[in-house]
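Naming: A, B, ... by sequence-line order, numbering from 1 per chain.
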Amino acid sequence: MKIEEVLYNHFKFRTFKLGQKEIISSILDGQHTMAMLPTGTGKSLCYQLPGYLLKGQVIIVSPLLSLMQDQVEQMKIRGEKRVVAINSFLSWPDKRQILNNLNNYKFIYISPEMLGLDHVLDRLKRLKIGLFVIDEAHCISQWGFDFRPEYRKLGAIREKVGNPLTLALTATATSDVVRDIVSSLHLEDWKEHIFSVDRPNISMKVETLNEVLDKQRRVVELVEYLQGPGIIYFSSKKLAEETAELLKSNGNRKVMAYHGGLEQESRILIQQQFLKGELDVICATSAFGMGINKEDVRFVIHYHMPLQIESYLQEIGRAGRDGEASVAILLYVPGDEQLPLQLIDNELPSEAQIDWLFEWMGEHGHSMLAQSEADIRSLAGFTDTQWRLIFDYIINLDLDQTSLKEGLNNFKIFIQNRNTIKRKKIAEVKNWTQSTECRREKILKYFDEQKKMEITNCCDRCGIQFEQYNKREKLDQEPSFQFHWKDYLSAILKK
DNA sequence: CGGTGGAAAGCTAACTTTCCACCGGTGCCTTAGT
């Protein structure tokens, strides 16, 4: 069957979007594939379509539970019943039932953590896997070292399930990150399909203010002025909440804050309200965004600077998916880089902490580590992330082969390298805000690309007609239908 | 680093100034013989 027929029969599309056909053909040729497509261009089709032509199961490693649930829902709506998500939303009888009958499914979504469990992996080993997909593959590089170490184990897992044909998908990866992803997955012979990260309809602007307090005033002005809907990104949950309240008290009723500290249920609710146009503005942390498919976001404001250019691009890329003119504004105050620097300090253990721990191990033996966890953590003041990183390193340390001292030094070097890389990335963001070059050109260079054409309203360095983003008229219409939140939530959470 | 909130100090009673400690994104997973 021709792939166009499959496209129509299963997805009801007549034509492919940019890049889809190349990526699908590469997979069907049996090539491991590393694909980069700009945000919002239909990445899931790149593995769903081949699924209908390949023998065996498609395993999709996905970073977020909500993303998995969403994809499963969408596939079910489309009429595909052989789809399942294996994650902690499942009750244990359901989980056992599903694991015992994996052969009944064609598309299996799973988190990297779940994939790392032996009893789950044993079941997967018995399948004939047609395609192994890593969705949002930049997470391997971005989260894999410290925040979610299971991401670093995907290469070993791939080998355990018999080196299946593999597709890694992402929207933003520098050439370094692409290399990192490929080597981490232990892919030896692969094909790259990299499409431009550029989104010409998003214009970029940096506003330098004198004082931190000016930001509040400026955000209120901008929300008042700009055509919505929009997203405002913060690096602090508290400030996101406070600013949402401030905007509300200024008459913008349809504003909500969104961050990782909220209950799962409120998060889904707020996200869905935003998608359905019942909210104008979201004051969010970096928790908000992955898997948000809203076509008409008109502006993205950065109240704080992101920790790396990749994150910036991901975040502004949530604007203008419909192709219409949209604007990204970053507010900068000298000294703003201190907050991200502080955040990475909380992520990585300090030299003193590492020394202390190895001394402790010298005295008590490393086998005591797991049972004394609580004591050690409170004595040295390790954060969750720091501890996981340390623990993961030490349990994998072969003390028959390596001395404790050697282990200590290697670990210190590892941490130093991580620290240097993270600091460098923050410096790159800062440089970008200070640079007098074209904003777009500078970002494209970072991704080894060149600006190919002149763009109207490119960036503040090239010149912007800012009035274009003004709201022309305020529409205050109530939604014309009633959405049943309760039913929706129970469907998503309990299924 | 920079802001914040609470306590102490200053100096004469009800309020201001100074000081100090603290905080600051991201998410999975926690039960078993076939």
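- Rounded to the nearest 0.5 angstrom, A:Q273 CD and A:S266 OG are separated by 10.0 Å.
- Residue A:D146 is tested with A:R152, A:K422, A:R388 for a salt bridge (charged side-chain N to carboxylate O under 4.0 Å, His left out); the sole match is A:K422.
- Screening A:I108, A:L154, A:D135, A:I157 against A:V61 for a side-chain contact (heavy atoms from CB on, under 4.5 Å) leaves a single residue, A:L154.
- In terms of polar N and O atoms assigned as donor or acceptor, the side chain of A:R126 comes within less than 3.5 Å of the base of B:dT34 in a complementary pairing.
- The same atom, C1', is picked in B:dA9 and in B:dA14; the two are 15 Å apart, to the nearest Å.
- Between A:F147 and the choices A:Y151, A:W143, A:F145, the ring-ring contact (aromatic ring centres under 6.0 Å, His included) rule is met once, by A:W143.
- Taking atom CZ of residue A:R318 and atom P of nucleotide B:dT26, one finds them 13 Å apart after rounding to whole Å.
- Of the candidates B:dT30, B:dG24, B:dT31, B:dT31 carries the atom nearest the A:W92 side chain, counting heavy atoms from C-beta on.
- Sorted by residue number, the list of members of residues 130-139 of chain A with any non-hydrogen atom under 4.0 Å from DNA chain B is empty.
- Straight-line distance from the CG atom of A:L341 to the P atom of B:dG2: 12 Å, rounded to whole Å.
- Atom name C1', nucleotides B:dG25 and B:dT30: the rounded distance is 23 Å, in whole Å.
- Ring centers of A:W432 and A:Y446: at least 6.0 Å apart, outside the cut-off.
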Find every protein N or O atom lying less than 3.5 Å from an N or O atom of nucleotides 16-22 of chain B, and list the pairs.
none

